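In what follows, a single structure is set out as structure tokens and then discussed.
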4 protein chains.
Amino acid sequence: MPKVTEEHRVARRQQIVDAARTCVGEQGFHKTTMADVIRESGLSAGAVYGYFKGKDEIVAAIADDALSSVDLLFQEMLAAEGPLTPAAALRKTLDFVVSLAERHGTDVTRIGVQAWAEALHNEVIFATASAKYRMLRGHFVDVVRRAQADGTIAADANPEYVGQVMFGLIPGFILQRLILGDVTPESYSSGLAALLDKP
Amino acid sequence: MPKVTEEHRVARRQQIVDAARTCVGEQGFHKTTMADVIRESGLSAGAVYGYFKGKDEIVAAIADDALSSVDLLFQEMLAAEGPLTPAAALRKTLDFVVSLAERHGTDVTRIGVQAWAEALHNEVIFATASAKYRMLRGHFVDVVRRAQADGTIAADANPEYVGQVMFGLIPGFILQRLILGDVTPESYSSGLAALLDKP
Amino acid sequence: MPKVTEEHRVARRQQIVDAARTCVGEQGFHKTTMADVIRESGLSAGAVYGYFKGKDEIVAAIADDALSSVDLLFQEMLAAEGPLTPAAALRKTLDFVVSLAERHGTDVTRIGVQAWAEALHNEVIFATASAKYRMLRGHFVDVVRRAQADGTIAADANPEYVGQVMFGLIPGFILQRLILGDVTPESYSSGLAALLDKP
Amino acid sequence: MPKVTEEHRVARRQQIVDAARTCVGEQGFHKTTMADVIRESGLSAGAVYGYFKGKDEIVAAIADDALSSVDLLFQEMLAAEGPLTPAAALRKTLDFVVSLAERHGTDVTRIGVQAWAEALHNEVIFATASAKYRMLRGHFVDVVRRAQADGTIAADANPEYVGQVMFGLIPGFILQRLILGDVTPESYSSGLAALLDKP
DNA sequence: AATGAATGAGCGTTCATTCAT
DNA sequence: AATGAATGAACGCTCATTCAT
């Protein structure tokens with residue numbers, strides 16, 4: 001039992017998650033078999049089980065990744081002080097979602113949609129989704145609060161509720177992009193602008 | 001028990017779909033086994049296979065039902081001539097979604113979310129989802145066109161794009177309701193109103 | 001429960017056997033399902049079971065028919081008194097086999113081959129095959145005895161043994177015809193003649 | 001138990017084929033279930049499916065074995081130069097068939113008869129049977145050609161046709177042995193001799 | 001006599017996981 | 001640490017047969 005560096009372990013783990021993500025992106029959580037993941041990862045069954053207790057743990061790891069990814073944007077976006085209108089925040093988010101979707105070989109948003117469904121029957125993923133989305137929505141609430149400070153949004157509005165709506169626009173964008181294939185950040189943003197700009 | 005009426009056949013079929021919906025609502029498409037559906041339906045394996053070619057066909061039937069359900073609202077809503085602001089249409093839709101979710105023993109929106117994920121890897125369900133959602137979104141586009149006629153929305157806006165946004169708000173509502181559990185038609189509508197009413 | 005004439009019963013029974021023979025000729029005994037037979041016969045499940053106890057009985061009926069068919073020839077062939085050399089008897093038999101095979105829509109010899117296999121694991125069919133083939137072989141033994149009387153065959157030969165050989169040529173003819181497809185009564189007879197006519 | 005030698009794999013495969021042959025010999029191809037083969041082999045379901053894609057492949061393997069077995073004799077018989085009369089070749093073949101039948105626990109000729117029936121509805125087995133029997137019959141044709149060189153058989157006879165007859169005697173021997181139970185290489189050979197030796 | 005919907009045991013096969021090497 | 005052959009419970013589905021009508 002030769003000892004192995006921590007780096008090695010991390011790299012191996014990532015190798016497995018990457019393989020699994022590829023499989024899940026192509027076939028979904030349930031059609032993906034451990035044999036698929038093992039083959040794609042280039043490791044042996046025993047090795048994979050040395051890093052993950054079982055399929056559930058791998059699925060949870062992928063779902064976690066996919067669910068977290070949008071959050072990254074906000075860390076830099078909100079760090080930059082200054083005015084950020086809700087419309088601008090949404091536009092940046094949509095652009096980021098698309099860039100995520102087109103990155104790598106696998107469309108992360110497809111994994112995300114899988115995760116939504118999975119969350120309804122899998123406690124671990126439910127907890128992750130719940131936490132990640134509460135945090136993400138919280139960022140939108142922050143944006144709303146800034147907008148209220150700016151006077152862009154009425155001061156007496158409930159910022160939580162406005163945050164629900166802003167956050168709530170994202171899943172619909174992802175879904176239409178995947179299933180109807182005809183939404184773009186431009187079309188969606190301009191549609192929102194038209195709704196906002198009351199004549 | 002031969003020589004059975006058409007009604008009987010339809011009832012039996014519904015019995016199976018209902019049983020399957022219950023199972024899928026509780027466990028998801030993939031964890032639901034045919035044995036589950038058979039047990040829940042109270043029929044025998046052979047009987048179930050007399051009405052459906054296989055599991056895929058049952059899954060497609062449930063997904064179809066779930067995906068279609070919201071459309072019903074629009075048939076009456078749009079039939080009523082007269083002014084219908086986008087905000088009002090959305091509010092009515094959300095109320096309807098909640099009433100659907102609370103109807104029966106099974107929350108239809110949970111099936112809907114399953115169907116989104118399934119559509120990404122199942123051609124038949126993809127086609128259904130695509131068709132149903134294009135139609136549903138089309139109804140919102142109609143509402144937008146009326147609003148443009150009324151002057152509620154700028155005449156030079158692209159109604160398709162505005163329709164994308166209105167339709168796009170629904171999945172986010174469903175998802176937050178299921179995963180975060182704190183959105184209501186009231187909160188969501190008032191959040192939207194705050195966003196719309198520019199000071 | 002209306003009474004039905006005996007003719008009607010016989011006709012119905014034949015209808016079922018014919019349907020079953022067609023199916024078995026196309027798919028073999030085991031791939032043929034009762035549903036196939038029921039569909040092909042144009043009757044209902046209940047009706048079929050009114051005439052036969054079950055699949056085994058139908059299979060036995062078909063096998064019986066197929067196994068019996070060659071015997072018919074001998075009844076007329078032997079009835080005609082006069083010299084009948086073994087070679088001539090065999091030739092007539094082969095011609096008859098071919099005519100049986102090409103009769104109707106179904107090749108009876110294919111059913112026969114099925115029956116050979118089935119006889120090895122099915123007591124009823126074994127008994128039938130055993131009886132029919134013993135009788136058929138007996139006819140050849142009669143031919144041999146006549147040939148011995150004529151001096152065509154040595155008087156001290158065991159006619160049973162010669163009968164084994166003559167009868168034994170038939171399955172090989174049937175098999176080569178079905179699987180190699182290149183034997184004819186002519187080729188086979190002339191091959192036998194060449195073997196017999198020692199230079 | 002990883003890292004297994006090629007020998008081990010071959011042995012395991014044989015273990016499965018042997019088990020399957022035993023089952024098929026007792027019950028026939030169709031009554032033999034995978035559960036039977038699995039139980040008889042002493043392996044697990046998964047292990048069996050690691051060596052064969054499915055039941056069809058196992059059936060094909062057994063049929064192939066059974067159909068090939070007689071060919072072995074000819075390789076040594078024909079290797080020995082020198083006169084080999086058709087009658088002698090046939091006698092040797094019959095002896096060999098009987099020795100095959102009595103070898104092991106399973107009578108290979110029973111499997112062979114199954115294979116004949118199966119070939120009529122199974123392309124793979126048809127192809128195997130066709131090839132094996134064409135080759136086997138070819139060996140008899142070689143014997144006939146030698147006999148023509150020796151003057152044992154008329155030079156102007158078609159050796160292919162004589163080969164058909166010689167080969168054609170085997171199935172009839174096998175069948176009578178299995179179904180009538182009263183033929184032996186001795187009785188069959190002496191019957192043939194009586195037919196050949198024209199007074 | 002005839003119907004055909006219903007039954008349910010049992011089929012062939014898969015796949016997450018283990019453990020001797 | 002790593003291997004991969006082996007496990008076996010559980011899956012989706014078929015089909016000979018029955019029986020209320």
Side-chain angles (χ1 to χ4, degrees), chain A residues 1-5 8-9 12 30-39 43-59, chain B residues 1-5 8-9 12 30-38 42-59, chain C residues 1-4 8-9 12 30-39 43-59, chain D residues 1-5 8-9 12 30-38 41-59:
Chain A
M1 308 163 188
K3 294 264 173 162
V4 140
T5 64
H8 182 255
R9 284 198 64 81
R12 275 270 191 272
H30 296 279
K31 275 205 63 185
T32 296
T33 67
M34 286 301 285
D36 290 335
V37 175
I38 287 159
R39 191 185 321 106
L43 297 174
S44 68
V48 170
Y49 277 87
Y51 292 93
F52 293 91
K53 272 191 179 173
K55 191 180 176 180
D56 285 352
E57 213 171 279
I58 298 180
V59 164
Chain B
M1 309 142 190
K3 290 291 188 203
V4 143
T5 62
H8 180 260
R9 284 199 63 81
R12 273 270 189 273
H30 295 280
K31 274 205 65 186
T32 297
T33 68
M34 286 304 289
D36 291 334
V37 175
I38 288 158
L43 296 173
S44 66
V48 170
Y49 280 90
Y51 291 91
F52 293 92
K53 276 191 178 170
K55 189 181 176 180
D56 284 354
E57 211 171 280
I58 298 182
V59 163
Chain C
M1 304 167 188
K3 294 260 172 165
V4 140
H8 182 256
R9 284 199 62 83
R12 275 270 190 272
H30 296 279
K31 275 205 64 184
T32 296
T33 68
M34 286 302 286
D36 290 334
V37 176
I38 289 159
R39 191 185 320 109
L43 297 173
S44 68
V48 170
Y49 277 86
Y51 292 92
F52 292 91
K53 273 192 181 172
K55 190 179 177 180
D56 285 353
E57 213 171 279
I58 298 180
V59 163
Chain D
M1 310 140 187
K3 289 292 187 204
V4 143
T5 61
H8 179 260
R9 283 199 64 82
R12 274 271 189 271
H30 295 279
K31 275 204 63 184
T32 296
T33 68
M34 285 303 288
D36 291 334
V37 175
I38 287 159
S41 71
L43 296 173
S44 66
V48 171
Y49 278 89
Y51 290 90
F52 292 92
K53 276 191 181 172
K55 189 181 176 181
D56 285 352
E57 210 170 282
I58 297 182
V59 164

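Everything numeric here is computed off the predicted structure, so don't read it as measured data. Letters go in sequence order (proteins before strands), and every chain restarts at 1.
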Which residue lies toward the 5' end of DNA chain E, D/G46 or B/Y51, if each is placed at its nearest nucleotide?
B/Y51
Under 4.0 Å: is that the gap between some side-chain N or O of A/Y49 and OP1 or OP2 of F/dA2?
no
What is the distance, to the nearest angstrom, from the NZ atom on D/K31 to the P atom on F/dA16?
14 Å
So do D/Y51 and D/E57 actually touch side chain to side chain, heavy atoms under 4.5 Å?
no
Nearest heavy-atom contact between C/T32 and C/K55 is O-NZ, 2.7 Å
Any idea which of E/dT18, F/dC13, F/dT7 is nearest the D/L43 side chain?
F/dT7
Nucleotide nearest B/S44 when distance is taken to its side chain, options F/dA16, F/dG8, E/dG8:
E/dG8
To the closest 0.5 Å, what do you measure between OH (B/Y49) and CD1 (B/I38)?
6.0 Å
Among the nucleotides E/dT14, F/dG12, E/dT7, which one has an atom lying closest to any side-chain atom of B/A47?
E/dT7
Quick check on DNA chain F: between D/G42 and C/K53, whose nearest nucleotide comes earlier from the 5' end?
D/G42
Let me know the distance between CZ of A/R39 and P of F/dA5, rounded to the nearest Å.
14 Å
Between P on E/dA2 and CD1 on C/I38, what's the gap in Å once rounded to a whole number?
14 Å
Does A/R12 make a side-chain N or O approach to OP1 or OP2 of F/dA1 shorter than 4.0 Å?
no
What is the separation between atom NZ on B/K55 and atom P on F/dG12, rounded to the nearest whole Å?
4 Å
With the side chain of A/A45 defined as its heavy atoms from C-beta on, choose the nearest nucleotide among E/dG4, F/dG4, F/dT14.
F/dG4
Distance, nearest 0.5 Å, that separates CZ of C/R12 from CG of C/L43
5.0 Å
Take the protein atom CE of D/M34 and the nucleotide atom P of E/dT14, then report the distance between them rounded to whole Å.
10 Å
Rounded to the Å, how far apart are D/F52 CZ and E/dT14 P?
15 Å
F/dC13 C1' sits how many Å from B/D56 CG, rounded?
12 Å
Its dot-bracket string being built from Watson-Crick and G-U pairs below 3.5 Å, with | for another strand and [ ] for crossing, DNA chain F has the pattern .||||||||||||||||||||
Look at D/H8 and E/dA20 and indicate whether a side-chain polar atom (N or O) is within less than 4.0 Å of OP1 or OP2.
no
For a quick check of understanding: with a heavy-atom distance under 4.0 Å over all strands, which category does A/R9 fall into, base, sugar-phosphate or nothing?
sugar-phosphate
Closer than 4.0 Å, any side-chain N/O of B/H30 to the OP1 or OP2 of E/dC15?
no
May I ask you to test the D/I58-D/M34 pair for a side-chain heavy-atom distance under 4.5 Å?
yes
Once you round it to whole Å, what is the distance between C1' of E/dC15 and CD1 of A/I58?
14 Å
